[in-house]
Each structure stands twice: as C-alpha cells, then as structure tokens.
Amino acid sequence: QVQLVESGGGLVQAGGSLRLSCEASGLTFGIYAMGWFRQAPGKERDVAAAISRSGIGTYYTDSVKGRFTISRDNAKNTVYLQMNNLKPEDTAVYYCAAKRLTVAAWETPSSYDYWGQGTQVTVSS
C-alpha cells in the first residue's frame, strides 16, 4: 500500500531553518510529481511548493519564494523542503502529496492522489 511519511518538523525561532523530508513507498516514485502543502489553524490547505517528476520543474507560492527550496531524490524515493528564514506565519501542519497526472495543476490539492499525515512546523517570534 502507498505510504508517504513526513519528518523533520518541529519548533524553531523566527529566522531559523528546518528541512522536511517525505519518504514514499508503495508507488513508482519517479512517475509522480510531488508537492508540499500546509494548513494553518483556521485556514485552508494551500500549496507551498511542488516539483516535477524529473525534479527540473519547481513551483512556489509567492509567500515562500526565496526562502523555501523543494528538491527530490528519486533513488531514495524522497522529496525535501528546505525552509530558511522561517516566519511565524509559516506555522502550519505540512503535508506531502503525490500527483500522477501531468496535466493536473500543481497547486490544486484535488489533483493529488496520495497524501501523508503531516508534520507540525511551529515558528515562534
């Protein structure tokens, strides 16, 4: 069965860094685009970043551009989110997601086929 397992979340002070990891199993990792979504308390789930199957194409929401970097290692079935200069507004549960269809929009949650259970990121001021 398909599993996406996130790790690397935690508590960090504003200006600090964290690296999230998502290890996938039970699927052919290299044919899935991957995304990182986040959901803050009382807010909708929104995309933070996404990456193409090959790792060449990337997408970032405006609020994280220049601070976050998404990458993947297909040999390890793992996608990463390096988060630098964290801000309190980055506080959220971060979810890893996998998308099979190339034609679907990377920023649209409903276009993703599999989801992890999330990892908490808390940024204190």
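Numbering of residues begins at 1 and proceeds along the displayed sequence.
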Original post:
Under 4.5 Å between any side-chain heavy atoms of Lys99 and Arg53, yes or no?
Top reply: no
Original post:
For the side-chain contact (heavy atoms from CB on, under 4.5 Å) test, which of Tyr80, Phe29, Tyr112 pairs with Met34?
Top reply: Phe29
Original post:
Would a hydrophobic clustering, with Ile, Leu, Val, Met, Phe, Trp and Tyr connected at side-chain separations under 4.5 Å, put Trp106 with Ile31?
Top reply: no
Subject >> Main-chain N/O of Ala105 paired to Ser111 side chain as donor or acceptor, under 3.5 Å >> reply: yes
Subject >> Plane angle bin for Tyr94 and Phe68 - parallel if under 30°, tilted between 30 and 60°, otherwise perpendicular >> reply: tilted
Original post:
Does the Asn77 side chain pair with the main chain of Gly26, one donor and one acceptor, at a distance under 3.5 Å?
Top reply: no
**OP:** Keeping the roles fixed (side chain from Thr91, backbone from Val123), state whether a donor-acceptor pair exists under 3.5 Å.
**Re:** yes
Original post:
For Val121 and Leu20, which heavy atoms make the closest approach, and how far apart are they?
Top reply: CG2-CD2, 4.0 Å
Original post:
Rounded to the nearest 0.5 Å, how far apart are OH of Tyr95 and SG of Cys22?
Top reply: 13.0 Å
**OP:** Would you name the heavy atoms of Glu6 and Gln117 that are closest together and state the gap between them?
**Re:** OE1-N, 3.2 Å
Original post:
Can any side-chain N or O of Arg67 pair as donor or acceptor with the backbone N or O of Asn85 at less than 3.5 Å?
Top reply: yes
Subject >> Step-by-step side-chain contact (heavy atoms from CB on, under 4.5 Å) determination, Leu18 to Leu86 >> reply: CA-CA 8 Å; Leu18 287 172; Leu86 283 161; 4.1 Å; yes
**OP:** Work out which heavy atom in Ala98 is nearest to a heavy atom in Leu27; give both atom names and the distance.
**Re:** CB-CD2, 4.3 Å
Original post:
Say you draw a straight line from CD of Gln13 to OG of Ser125; how long is it, rounded to the nearest 0.5 Å?
Top reply: 9.5 Å
Subject >> Heavy-atom pair of closest approach, residues Val79 and Cys96 >> reply: CG1-SG, 3.8 Å
**OP:** Give the cluster check for Val64 versus Phe37: same hydrophobic cluster or not, with ILVMFWY residues linked at side-chain heavy-atom distances below 4.5 Å.
**Re:** no
**OP:** List the atom of Thr28, the atom of Tyr32, and the distance in Å for their closest heavy-atom pair.
**Re:** O-CD1, 3.2 Å
**OP:** Kindly compute the distance separating CG (Leu81) from CZ (Arg38), expressed to the nearest 0.5 Å.
**Re:** 9.0 Å
Subject >> Spatial distance of atom CG (Asp90) from atom OG (Ser63) [nearest 0.5 Å] >> reply: 7.0 Å
**OP:** Can you see which heavy atom on Leu4 is nearest to which on Tyr114, and at what distance?
**Re:** CD1-O, 3.4 Å
Original post:
Val47, Ile70: one ILVMFWY side-chain cluster at the under-4.5 Å cut-off?
Top reply: no
Original post:
When hydrophobic residues are tied together by side-chain contacts of less than 4.5 Å, even through go-betweens, does Trp36 share a cluster with Val93?
Top reply: no
Original post:
Are Val12 and Met83 grouped together when hydrophobic residues (ILVMFWY) are joined by side-chain heavy atoms under 4.5 angstrom apart?
Top reply: yes
Original post:
Measuring from Glu44:CD to Gln39:CD, what's the distance to the nearest 0.5 Å?
Top reply: 7.0 Å
Original post:
In Å and rounded to the nearest 0.5 Å, what is the OG to CZ distance from Ser21 to Arg72?
Top reply: 13.5 Å
Original post:
Between Lys65 and Asp62, does at least one N-O distance fall below 4.0 Å, as a salt bridge requires?
Top reply: yes
